[in-house]
Visitor: 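I'd like to ask you about the structure that follows.
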Amino acid sequence: MTERPRLAVVGAGPAGLAAALTAAARGVQVILVDAADQAGGQFYRQPAAALGARRPRALHHQWRSWERLRAGLERHREAGRITALTDHHVWCVARDTASGAFGVHALRGPAQDEGTVVRADAVLLATGGYERVLPFPGWTLPGVVTAGGAQAMLKGGLVLPGRTAVVAGTGPLLLPVATGLAAAGARVAALVESAGPAALLRRAPALAAQPGKLAEGAGYAARLLRHGVRILPRSTVVAAHGTGRLDAVTVAALDPDGTLRPGGTHRIRCDTLAVGHGMLPHTDLAETLGCTLSGTSVRVDAEQRTDVPGVWAAGEATGVGGAALALAEGHIAGGSAAARLHGTAPDPRRWAAAARARTRLREFATALDAVYAPPAGWADRVPDDTVVCRCEEVTAGEVRGAVELLGAGDLRTVKLLSRAGMGWCQGRMCAPAVAGLTGCPLTAGRRPLARPVPLGVLAGLPDTNAGLPDTDPGLPDTNAGLPVTDTGRAMADAGPPETGVDRPDTDGDRLGPDTERPGADPVPPETD
């Protein structure tokens, strides 16, 4: 009997699940690798079974889509077509130049000190995204969390980040976050959105092409009004206040050009600020493999193939667009990968509906990006003494000085001169802010490791000459098992905390992004 080709799918969110189910249904052996302890990703994040949630569906929309995905995953697992490796934190994907096979290197278990290498004939990256947070005075106070982090606490831990919350920033994620907090019993004092109605009207034709999404957004707004939540459009939080912990925020009204309106500031009492300014793609693994980026996203073709043979990408890594778009892209990527692994030409007719949905949803996402751009001039309002890089405690003044006094012209040079981005998160949190403060383009930072790795795991790699991946990475693995395990104990502070599959924030008070966006029920993956 001929062994079925193997496809490693990194990330078990909407895109990864759709890709895994589609490929498995077409005769491919799928190894689904994810950092969480159960599938679902950030969008379908589930509370731990030990919490005994009586109605977990109350925290989600598109629950029926999740039930279909979960049922398909269980069916394929029982049939042996999908091997789900949860609690596996991928730190590198490399290609053996001799055999052409891929090695997906991960750390497993709660201590993350055991190394596992998953062998596969092809790789599909569904690594998700992470939140963009822009600094302001007081943003490092306990009680200030990311918008997605607040939602992750509620969905995954069934806990509120505080009793009185302000949700602020920009983007469609703010609506479900504020609604979820209010429905769970928090008093949401205000939803502060920097975008205004005029921005929505300018993009009305593109937005109207997705009436289901507009209706969902209107539904969120109606629920917020029922909970008595003030919605403050064209406004922004300019400072957080408190001694040892957050107790209030200052909110300022914005003029159409993004400048602060004179006399338009006021304080709001709160013990939690959930703030976010959109999402950015996670591309670490794709960059290590040598995949070309388009801006900050992985570039793919109509089949979701990258320009590296044998590597596909889907979901937020190819451009942030929400769960519905991720499902459509995952379905296409899984179908394409299955066909090519079987040595046949893909038939686009098999995913024609998903391709049409992808086009519509990508256009909608592009319109949303234009509407919910960070407010103009935000960087000019950040005082020099505001901490920008939390890991290294680098201030805005030091970041600006790297350009104005020392002549830095790109983010890497700013990093070398100021240490902004040299800490635990390796610039994931501060890079967008550093780019805004300096005027340098926001470019992805190439990292050989996607997370800290124990020295014992590195030492135990089958080919000690392979080292860390560089411009042409390769970590050949002569072991053929699934998985192959190496163990080690000594920790090396060699990189950022997680891949984007299910990443907690670096200081422990933010639990990672949730990519939920208003949207209609997504295209279901093929399971036949």
Side-chain angles (χ1 to χ4, degrees), residues 6-21 23-24 28-51 53 56 60 66-93 103-120 123-128 152 155-158 282 284-285 314-317 323 326 330 334 450-454 457 481-487 497-504 511-515 525:
R6 285 179 171 175
L7 173 68
V9 177
V10 182
L17 287 171
L21 297 186
V28 172
Q29 178 66 48
V30 176
I31 307 97
L32 183 62
V33 187
D34 192 81
D37 59 1
Q38 53 186 326
Q42 301 293 348
F43 189 79
Y44 297 119
R45 179 189 286 269
Q46 304 296 306
L51 294 175
H60 296 266
W66 162 242
E67 289 182 320
R68 290 196 295 269
L69 291 167
R70 181 174 57 186
L73 178 61
E74 288 305 312
R75 185 168 63 252
H76 285 300
R77 287 178 64 177
E78 292 172 359
R81 292 187 287 266
I82 293 180
T83 300
L85 302 178
T86 56
D87 204 11
H88 279 60
H89 306 260
V90 178
W91 59 270
C92 177
V93 179
V104 178
H105 296 256
L107 303 174
R108 67 179 185 180
Q112 298 177 34
D113 58 0
E114 294 185 61
T116 296
V117 183
V118 174
R119 300 279 290 174
V123 174
L124 196 154
L125 302 174
T127 48
K155 283 184 174 183
L158 304 180
H282 253 305
D284 288 353
L285 298 178
E316 311 289 50
R451 55 164 298 105
V453 184
V457 172
L482 173 66
V484 178
T485 302
D486 306 294
T487 59
E498 291 262 355
T499 59
V501 181
D502 190 10
R503 186 178 65 86
L511 299 187
D514 189 309
T515 57

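No hydrogens, no waters, no symmetry mates; every other heavy atom, side chains included, goes into these values.
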Visitor: Looking only at non-hydrogen atoms, find the nearest pair between Ala317 and Thr127 and report the distance.
Guide: CB-OG1, 3.7 Å
Visitor: Nearest 0.5 Å please: distance from the CG atom of Leu73 over to the CZ atom of Arg68.
Guide: 15.0 Å
Visitor: Does Thr83 reach the side chain of Gln29, with side-chain heavy atoms less than 4.5 Å apart?
Guide: yes
Visitor: Looking at every heavy atom in both Trp66 and Gly40, which two are closest together, and how far apart are they?
Guide: CZ3-CA, 3.7 Å
Visitor: Taking the side chain as every heavy atom from C-beta outward, state whether His76 and Val30 have any pair of such atoms under 4.5 Å apart.
Guide: no
Visitor: What are the two closest heavy atoms between Thr86 and Ala39, and how far apart are they?
Guide: CG2-N, 4.4 Å
Visitor: Grab the two heavy atoms, one from Leu107 and one from Arg451, that are nearest each other, plus how far apart they are.
Guide: CD1-NE, 3.6 Å
Visitor: What's the shortest heavy-atom distance between Tyr44 and Leu69, and which atoms?
Guide: CE1-CD1, 3.7 Å
Visitor: If every non-hydrogen atom of Gly334 is compared with every non-hydrogen atom of Leu124, which pair is closest and at what distance?
Guide: N-CD1, 4.0 Å
Visitor: Mind checking the NZ-CD spacing from Lys155 to Gln42? Nearest 0.5 Å is all I need.
Guide: 8.5 Å
Visitor: Given His88, which of Ile31, Val104, Val33, Leu32 fulfils the side-chain contact (heavy atoms from CB on, under 4.5 Å) condition?
Guide: Val33
Visitor: State which residue, out of Val9, Val10, Val90, fulfils the side-chain contact (heavy atoms from CB on, under 4.5 Å) condition with Leu125.
Guide: Val10
Visitor: Can you tell me how far the CG atom of Leu21 sits from the CZ atom of Arg70, to the nearest 0.5 Å?
Guide: 13.0 Å
